[in-house]
Protein chains: 2
Amino acid sequence: MREICLPMGLTREELEHIDHRLVASRRKVARGETLFRTGDRFESLFAVWTGFFKTFVSTKQGREQITGFQMAGELIGLGGIDSRRHEVDAIALEDSQVCVIPLAELEALGREVPALQTQFHKMMSREIATDHQIMLQLGSMHAEERVAAFLLNLMHRLQARGFSASSVLLRTSREEIGSFLGLQLETVSRTLSKFQANGLLVVRQRQIEVTDQVGLQRLLDGAPAS
Amino acid sequence: MREICLPMGLTREELEHIDHRLVASRRKVARGETLFRTGDRFESLFAVWTGFFKTFVSTKQGREQITGFQMAGELIGLGGIDSRRHEVDAIALEDSQVCVIPLAELEALGREVPALQTQFHKMMSREIATDHQIMLQLGSMHAEERVAAFLLNLMHRLQARGFSASSVLLRTSREEIGSFLGLQLETVSRTLSKFQANGLLVVRQRQIEVTDQVGLQRLLDGAPAS
DNA sequence: CGCGAACTTGAGGCGTGTCAACCCCTGTGG
DNA sequence: CCACAGGGGTTGACACGCCTCAAGTTCGCG
C-alpha cells in the first residue's frame, strides 16, 4: 500500500496522478511545537501523517477551548479556508509529521480528479458532523457522559488504526481533556476515579485500561450512574 | 441584481452559466414543517432563500441540541455529505423557501467554474469556523456571556442583510435559545430580564430592543456583570 | 372570546467550579 | 545511584451558578 496523505478511496492510476503533485512537502513538528497560530495567513491544509495534535480557539481574555484532537489521516486547518486566516492554534502533543497540502493545488487537482474532489468534500463534511456531536456533548451532557463519550470516541479512532481495543495511552493532560469537554481538570480526574471505582476501567496516569466498554457505552445510552 | 441561491462573488457570465443548471428546484417549507430528518438519505444541499430554520442533533433518549439557526443565504445539510445521510433534523421556524442544490450537480459545475468551487469550500469552511466559536461558548462561557454572544451574533447577521441595527424579532422560543446555548429556558428568561434591568435592552416577548450594544459586547470582553 | 402554549419569577437543591493540600511520577544533576 | 525539583494528578471542603420544580401571568391563535 502506497503511502498517501489524504486517505481516499482512489484507484491506483488516480493516486499516481496525484501524489507528488499534491503533497508539496512534509514537515516535522516536535512535541509542544506550534504548527500554526490563530490569525496566521492560511495557504495550506495539513494532513496528520504521524503523531497527535490539538487545535483550540481562545477569547481575548485568554480562555481556551480545545476544538479537537487530530491523529493520523485527519486534516487540520479546514476552518481557515473562508477567511484565508487560521482561526485556531494547532499544537503537536507528541513528535509528529504532517503533509503540507496547498489549497490551490488541492482545488486544481480536484477539478481533474473528481474522486479527489468528492473525498475532500467528505472530509470537510465529516468535520462538521463531528463538531455537531461535540456540541451535543458540551450543551446537554453531564460530566460523566462527556468523559465516557470522549474515551469511547478515542478508542474507536484508535481501533480503526489498528491499535488495542481496550488500552488507551492518553496524549493529553487532564487539563486538556477538560478544556475539550468544557470541564475543570479536577472534574475529569474525579470522573476517571469514579469510573475506576465502578470497575469500568483502570487508571494509571495516562494509561487507561478499559475493562468494561459496554458499561461506558451504557452511560451514554441513559443508564444512571451508580 | 439577478436572484441566485448561492451568494457567490461570481461574474455575470459565470452566473448565466450556472443558475438554472444548479438550482434544480425551489421548495416551500411552512412554519413548523420539517425539511429533512436525521437518517434521511442525503442527495441535495439546501440554501435558505427566505425564512428561518433550526437544525439539531438528538440522543437516543430524546435530548436535543440545536446546532444552528440558518437565515437567507446560508446552507443547510453540509454535515450529511460524508455519510450520505443527514445527521441533523432541519425545521422551519417561519414560512420559508429553500433552493434545492443536488450535490452531484454542484460538484460537476464546480469543476467547470473554479470560482463556484472555491465559494463552496469557503461556505463549508465558514460553518466549521462558526461551529468552533459555538464550542467556545458552550465550553467556557457563563450564561450571561452566552446569551450576549447569541444576541450579538444574531444582530450582526441581520444587519448584514439590511435589517435594523438594534431591533431584533426573535423567531425562536426561549426553549430553543436554551437548547442552542446549553441552558434551560428559565435561565435564558432570567438572563434577558437581568439585561433589561441593567439597561442593556428592552424585552417585549420575542421583540428585543437592544439599547446598549456596546454594553453587551463588553460582557464578552471580560467586564463583570453588574 | 377562551384555551393552551410560552414566558416570567421564586424557592430550593445539586453538580460542578474553586481553592487548597498532598502525592506521585519523571527527569536531571550531583 | 540518589536527592531534589517541578509539573501533573488526586482528593477534600466549600461555594455558587445553574437546574429543577412550581405557581402565576401574558400572549397568540383557533
Side-chain angles (χ1 to χ4, degrees), chain A residues 31-32 54 61 63-66 93-95 137-151 168-198 201-209 219 224-226, chain B residues 30-32 54 63-66 91 93-95 137-151 168-198 201-208 219 224-226:
Chain A
R31 173 193 168 102
K54 68 173 174 181
Q61 312 114 53
R63 266 183 297 184
E64 294 181 355
Q65 172 69 32
I66 292 182
L93 295 180
E94 58 179 315
D95 292 345
Q137 295 178 32
L138 291 173
S140 77
M141 289 186 183
H142 288 188
E144 294 185 13
E145 298 173 299
R146 295 186 203 187
V147 175
F150 169 75
L151 288 174
V168 181
L169 179 60
L170 298 177
R171 262 74 185 189
T172 61
S173 68
R174 302 289 189 267
E175 185 172 22
E176 285 163 337
I177 298 173
S179 170
F180 180 60
L181 296 178
L183 301 170
Q184 294 305 114
L185 65 94
E186 295 94 330
T187 303
V188 175
S189 179
R190 270 188 255 268
T191 303
L192 289 174
S193 297
K194 180 168 181 182
F195 285 173
Q196 178 166 356
N198 290 355
L201 46 76
V202 178
V203 184
R204 248 182 66 81
Q205 294 297 120
R206 296 193 177 181
Q207 185 69 49
I208 310 277
E209 300 286 337
L219 277 183
S226 56
Chain B
R31 173 193 167 101
K54 69 172 174 182
R63 267 183 296 184
E64 293 181 356
Q65 172 68 35
I66 292 183
I91 294 182
L93 296 180
E94 59 179 315
D95 292 345
Q137 294 178 32
L138 292 172
S140 76
M141 289 186 182
H142 288 186
E144 293 185 13
E145 297 172 301
R146 296 186 203 187
V147 175
F150 169 76
L151 289 174
V168 180
L169 178 60
L170 297 177
R171 263 74 182 188
T172 62
S173 67
R174 302 288 189 268
E175 185 172 21
E176 286 163 336
I177 298 174
S179 170
F180 180 61
L181 297 178
L183 301 170
Q184 294 305 114
L185 66 94
E186 294 94 331
T187 303
V188 175
S189 179
R190 270 188 256 268
T191 303
L192 288 175
S193 296
K194 179 168 181 183
F195 286 172
Q196 179 166 353
N198 290 355
L201 45 77
V202 178
V203 184
R204 249 182 66 82
Q205 294 298 120
R206 298 195 177 181
Q207 186 69 48
I208 310 277
L219 278 182
S226 57

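Protein chains get the first letters and strands the later ones, always in sequence-line order, with residue 1 at the start of each. Note that the structure is predicted; figures quoted are calculated from it, not measured.
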| task | Using a 4.0 Å heavy-atom cut-off across all strands, classify B/V188 as base, sugar-phosphate, or nothing. | result | nothing
| request: Report the distance from atom CG of A/L170 to atom C1' of D/dG8, rounded to the nearest whole Å. | output: 13 Å
| said: I'd like to check the side-chain contact (heavy atoms from CB on, under 4.5 Å) partners of B/S193; sequence neighbours left out, ordered by chain and number. | reply: none
| For A/E145 and C/dG15, what is the distance between atoms CD and C1' respectively, to the nearest whole Å? | 12 Å
| Does any non-hydrogen side-chain atom of B/V168 lie less than 4.5 Å from one of B/L151? | no
| query | Does A/V203 offer a backbone N or O that forms a donor-acceptor pair with the side chain of A/E209 under 3.5 Å? | reply | no
Contact list (N/O, under 3.5 angstrom) for nucleotides 3-5 of chain C vs protein:
none

| Any donor-acceptor pair under 3.5 Å linking the side chain of A/S140 with the backbone of B/Q65? | no
| task | Could you state the atom-to-atom distance from CD of B/Q196 to P of C/dC7 in whole Å? | result | 15 Å
| message | Please give me the minimum heavy-atom distance between B/L138 and B/F180, naming the atom from each residue. | response | CD2-O, 3.6 Å
| said: If you compare every side-chain N and O of B/S193 against the phosphate oxygens of C/dT9 (OP1, OP2), does one of them come in below 4.0 Å? | reply: yes
| side-chain contact (heavy atoms from CB on, under 4.5 Å) with A/Q205: which residues, sequence neighbours excluded? | none
| said: Just the rounded figure in Å: distance from P of C/dG17 to CZ of A/R63. | reply: 13 Å
| So with a 6.0 Å cut-off around CZ of B/R31, is the heavy-atom count from everything else above 12? | no
| side-chain contact (heavy atoms from CB on, under 4.5 Å) against A/T191, all qualifying residues, sequence neighbours excluded | A/A143, A/E144, A/V147, A/T187, A/F195
| request: Just do the salt bridge (Lys or Arg N to Asp or Glu O under 4.0 Å) check on A/E64 and A/K54 with the steps written out, would you? | output: CA-CA 12 Å; A/E64 294 181 355; A/K54 68 173 174 181; 5.2 Å; no
| field | Contact letters for nucleotides 13-30 of chain D, in which S counts primed atoms plus P, OP1 and OP2 and B counts the base, heavy atoms under 4.0 Å | value | B----SSBB-----S---
| said: Quick check: closest heavy atoms across B/L192 and B/L201, and the distance to 0.1 Å? | reply: O-CD1, 3.9 Å
| field | Rounded interatomic separation in angstrom, taking CG from A/L93 and P from D/dG8 | value | 12 Å
| Counting only heavy atoms not in B/E186, do more than 12 sit closer than 6.0 Å to its CD atom? | yes
| said: Based on the rotation axes of five pairs at each end, what angle does the helix from C/dC1-D/dG30 to C/dG30-D/dC1 bend through, to 10°? | reply: 40°
| Rounded distance in Å - CD (B/Q207) to P (C/dA6) | 19 Å
| task | Measure from CZ on A/R206 to C1' on D/dT10 and round the result to the nearest Å. | result | 14 Å
